[in-house]
Amino acid sequence: MAATAVNTLEERALGAKGELGFLTVDRFISSMVDARALKTALELGLIDRLLAQRSGSVEALGRALGVDAPGLRLLLDLLAANGVVEERAGDVRLGKGFLDALLYRDLLEVKLDFAGFSINDFADLFTALIKEPHGFAERARMFQLFDYRRCSEPSRENYAQVRAWMRITSTLTRYEARACMHLHDFSSYRRALDVGGNSGEFLLQLCRRHSQLTGAVLDLPLVCEIGMEHLLPEPEGSRIGFLKGDVRADPLPPGYDLISFKSMLHDWPAADAERFLAKAAHALAPGGTLLIFERSPLRVREATPPFSLVPTLLFFRSYRAPAEYAARVEALGLRDVVLREIELDTGFFVLSAKKG
Amino acid sequence: MTSAYCNLAAATATRDSVAVHLGVTQKSEREPGEVKPELLHRILLAPRTAKHLHQIIGTLLGEYEAQRGGPG
């Protein structure tokens, strides 16, 4: 492989603070018990109450939440063991580390929901996932949620279901985009096309950082409808358009100096992914850049994955090594292939290549 | 008093208010087939008013759908 690999210690060390500080949310979703206790604390309004009042006595919390003393005791003990709350002399307050995690509350709540959603698939169907991947895909709730066949007809049921998974993917993208922008310089691009770009969140983050940039999302019709609603309140929304289409059947429009695939190619069989890349290479403006931002194959040998990664485990067959994509874009005649990797909740990579 | 047509709606909430965003889809001049969201109105409501609006619209849509079926 001729790709230039760039992977510095500095990039790996970014996680603790700064723009990758969002990684701290995983610390509070490390086990199913921790996650369930935290979700209950959010559902009961315990977290909001402690945020608003800074602290409260155990008795006052019990009265306010309508929870009896044994129930509240169990919940507070579980939360304390996870560092969500601290308790001194009967006074309860949020832990400092958890207050940092609450800066990313949207991500925390989405990861809690997503991991919770995946419990039954993991518990009941893991043997099928290992031995009969097709049977798993047919039975798993996860694959019913991400059913792209629902993305063409705007029925109320389809709208609700597509919106549900778009909330998850958009929130994850909101933060993962920071890592992508750290690894790749987008300051020279003028027009970007994000293929399978979902709600437009990836382009939104790019446009927010780079005022010269405009872009378009190409995605299935219902995804575009929901994406336009998603961007409506955003000042940068007017710089982002939507193209209702299907990359499986439609050619990609010309005239873009950046064509990106963000967490999209892994959803499709290798032959489809190759066709999408070929279409992008063909449509790309001369001198333009094709960019792939994907999760790397999972590495679980060193440590058992936390509960927050159970949804990702269910997709473990989908993630391809960056070398596979590098070989494909080189075969398409693209040049200056650069690979950069970063450790987020799992490994991610950005692979870029230029059209000659 | 003004009237406006909108075909896009979104809402966001903070502790003190609910913001309703209303807009339209706009065709791109540059790319055929490309549409963009255009925000026309941002309406800030007290949470109590937003809840009242939610109830009114829920009731109205229930009646609409009972007579004409879902709007899709």
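Naming: A, B, ... by sequence-line order, numbering from 1 per chain. Atoms considered below: every heavy atom in the structure, side chains included; atoms not considered: hydrogens, waters and symmetry mates.
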Original post:
So what's closer than 4.5 Å to chain A heavy atoms on B:L40: side chain, backbone, both or neither?
Top reply: neither
**OP:** Determine the option with the most heavy-atom pairs under 4.5 angstrom with chain A, choosing from B:A11, B:A19, B:A9.
**Re:** B:A9
Original post:
Which answer fits A:I240, side chain, backbone, both or neither, if we ask what part of it has an atom under 4.5 Å from a heavy atom of chain B?
Top reply: backbone
**OP:** Decide, yes or no, whether a salt bridge links A:R174 with A:E234 under the criterion of side-chain N to carboxylate O below 4.0 Å.
**Re:** no
Original post:
Given side chains that start at C-beta, do those of A:F186 and A:L291 come closer than 4.5 Å, heavy atoms only?
Top reply: yes
Subject >> side-chain hydrogen bond (donor to acceptor under 3.5 Å, both in side chains) partners of residues 212-227 of chain A, not counting sequence neighbours, each pair once >> reply: A:E225-A:K244
Original post:
Going by heavy atoms in the side chains, are A:R163 and A:E229 under 4.5 Å from each other?
Top reply: yes
Subject >> Contacting region of A:F242 [heavy-atom separation from chain B under 4.5 Å] >> reply: both
**OP:** May I ask you to test the A:M264-A:F293 pair for a side-chain heavy-atom distance under 4.5 Å?
**Re:** no
Subject >> Which portion of B:E38 sits near chain A, non-hydrogen atoms under 4.5 angstrom >> reply: backbone
